Amino acid sequence: MARALPERYLTPTDLADLLGVPLETIYQWRRKRTGPRGFRVGVHLRYDPEDVRAWVGSLMDQESAA
């Protein structure tokens, strides 16, 4: 990832902006369990920046192995 990740937990909107994908894609990944691991704080969905970094790294590893 070229951009630095924030030190705070990410909202779905933050994640969509960071990855350059539509917000609905973030929710689809969550439903299909194919995206980065998220967690709930009450009714709010959040993502740990380190989990996002690890998920992107795993995608890059898969791509280079193919």
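Since this is a predicted model, take the numbers as computed values, not measurements. We count residues from 1, following the sequence as given.
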Could you pull out all donor-acceptor pairs under 3.5 Å where a side-chain atom in residues 54-66 meets a protein atom, sequence neighbours excluded?
| from | atom 1 | to | atom 2 | distance (Å) |
| --- | --- | --- | --- | --- |
| Trp55 | NE1 | Thr34 | O | 3.1 |
| Ser58 | OG | Trp55 | O | 2.7 |
| Ser64 | OG | Met60 | O | 3.4 |
| Ser64 | OG | Asp61 | O | 3.0 |

Return all side-chain donor-acceptor pairs below 3.5 angstrom for residues 38-46, not counting sequence neighbours, or 'none' if the list is empty.
| from | atom 1 | to | atom 2 | distance (Å) |
| --- | --- | --- | --- | --- |
| Arg40 | NH1 | Val43 | O | 2.9 |

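In this structure, CD1 in Ile26 is found 5.5 Å from CG in Leu19, a value given to the nearest 0.5 Å.
Legend: side chain to side chain donor-acceptor pair (under 3.5 Å) pairs involving residues 21-30, not counting sequence neighbours, sorted by first then second residue: Glu24-Arg31.
No side-chain heavy atom of Asp14 sits less than 4.5 Å from a side-chain heavy atom of Leu18.
Among all heavy-atom pairs drawn from Leu10 and Leu15, the shortest one is CD1-CD1, 4.4 Å.
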